[in-house]
> 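I have a structure I would like to understand better, so I am pasting it below and will then ask my questions one at a time.
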Amino acid sequence: MTDELGAVLFEIINYGGDAKGLAYEAIDAAENGGFEKAEELLKEADRSLAKAHEIQTDLIRKEASGEHQEINVIFVHAQDHLMSAMEVRTLAENFIRICRRLHRLETDRKEEGHDGE
């Protein structure tokens, strides 16, 4: 593996890890009622994913134009890391939506005088 390819792969790993961590932070924020913060964190995760995806697309473009990329464990790990980060981000959005619904239901229940039941 060339140093250049290694650096590119570690960029994908880094951006993917950042995105995954931000998605988990967004879930935590939503669980604690911080829905605006959760949305901000998802947007930040999206920016990291976009950067990683841009790098991945460049690798694909090079491969398609005949510039073969060496496939090794780090290459596979980078791709796996990016794909799992994308999936966690999607799941985070769903969790946040569910947290919003739960928060509304709990708020409505309290307003109806069912606090503590």
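Everything numeric here is computed off the predicted structure, so don't read it as measured data.
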> Distance check, rounded to the nearest 0.5 Å: I98 atom CD1 versus R101 atom CZ?
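Interatomic distance, I98 CD1 to R101 CZ, rounded to 0.5 Å: 7.5 Å.
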> Calculate, to the nearest 0.5 Å, the distance between atoms CG and CZ belonging to L102 and R109 respectively.
11.5 Å
> Any chance you could lay out the side chain to side chain contact (heavy atoms under 4.5 Å, CB included) test for E31 and F95, step after step, and finish with the verdict?
CA-CA 9 Å; E31 285 179 321; F95 280 125; over 6 Å; no
> Distance check, rounded to the nearest 0.5 Å: F75 atom CZ versus I13 atom CD1?
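The distance works out to 11.0 Å.
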> Are I71 and I12 linked, directly or through intermediate hydrophobic residues, by side-chain heavy-atom contacts shorter than 4.5 Å (ILVMFWY only)?
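Hydrophobic grouping puts I12 with I71.
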> Would you mind writing out the side-chain donor-acceptor pairs for residues 42-56 within the sub-3.5 Å range, not counting sequence neighbours?
residue : atom : partner : partner atom : Å
D46     : OD1  : R89     : NE           : 2.5
D46     : OD1  : R89     : NH2          : 3.4
D46     : OD2  : R89     : NH2          : 3.0

> Would V76 and F10 show up in the same hydrophobic cluster when neighbours are defined by side-chain heavy atoms closer than 4.5 Å?
yes
> CD1/I96 to CG/L41 distance, rounded to the nearest 0.5 angstrom?
8.0 Å
> Is there a path from V88 to M83 through hydrophobic residues (I, L, V, M, F, W, Y) whose side chains come within less than 4.5 Å of each other?
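Per the 4.5 Å side-chain linkage, V88 and M83 are not co-clustered.
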> Considering all heavy atoms of both residues, which atom of A85 and which atom of G16 are nearest to each other, and what is their separation?
CB-O, 3.2 Å
> Atom CG of residue position N94 - does it have more than 12 heavy atoms of other residues, nucleotides or ligands inside 6.0 Å?
yes
> Check E63 against Q69 and note the closest heavy-atom contact, atom names and distance.
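Shortest heavy-atom contact: OE1-N, 2.8 Å.
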> Are side-chain heavy atoms of L5 and I74 found at a separation under 4.5 Å?
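No, every pair of side-chain atoms sits at 4.5 Å or beyond.
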> Can a salt bridge be assigned to the pair D58 and K62 using a cut-off of 4.0 Å between side-chain N and carboxylate O?
yes
> I'd like to check H81 versus K20 (side-chain heavy atoms, cut-off strictly below 4.5 Å). Are they in contact?
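When only atoms from C-beta onward are counted, K20 and H81 do touch, with a gap below 4.5 Å.
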> Answer yes or no: is there a donor N or O on one side and an acceptor on the other, between the side chain of E67 and the main chain of S65, under 3.5 Å?
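Between the backbone of S65 and the side chain of E67 there is no qualifying donor-acceptor contact (under 3.5 Å).
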> Is there a side chain to side chain contact (heavy atoms under 4.5 Å, CB included) between E70 and T2 once you walk through the steps?
CA-CA 9 Å; E70 178 185 348; T2 66; 6.0 Å; no
> Please determine whether residues Y15 and L9 belong to a single hydrophobic cluster, defined as Ile, Leu, Val, Met, Phe, Trp and Tyr linked transitively by side-chain heavy-atom distances below 4.5 Å.
yes
> If you count heavy atoms of other groups shown closer than 6.0 angstrom to OH of Y24, is the number above 12?
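Counting neighbours around OH of Y24, 12 or fewer heavy atoms of other residues, nucleotides or ligands fall under 6.0 Å, so no.
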> Has the side chain of N32 got a donor or acceptor atom that lies under 3.5 Å from a matching backbone atom of G34?
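No, N32 side chain to G34 backbone: no donor-acceptor pair under 3.5 Å.
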> Is L59 reachable from M86 through a run of I, L, V, M, F, W or Y residues, each pair having side-chain heavy atoms under 4.5 Å apart?
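As far as the 4.5 Å side-chain criterion goes, L59 and M86 are connected within one cluster.
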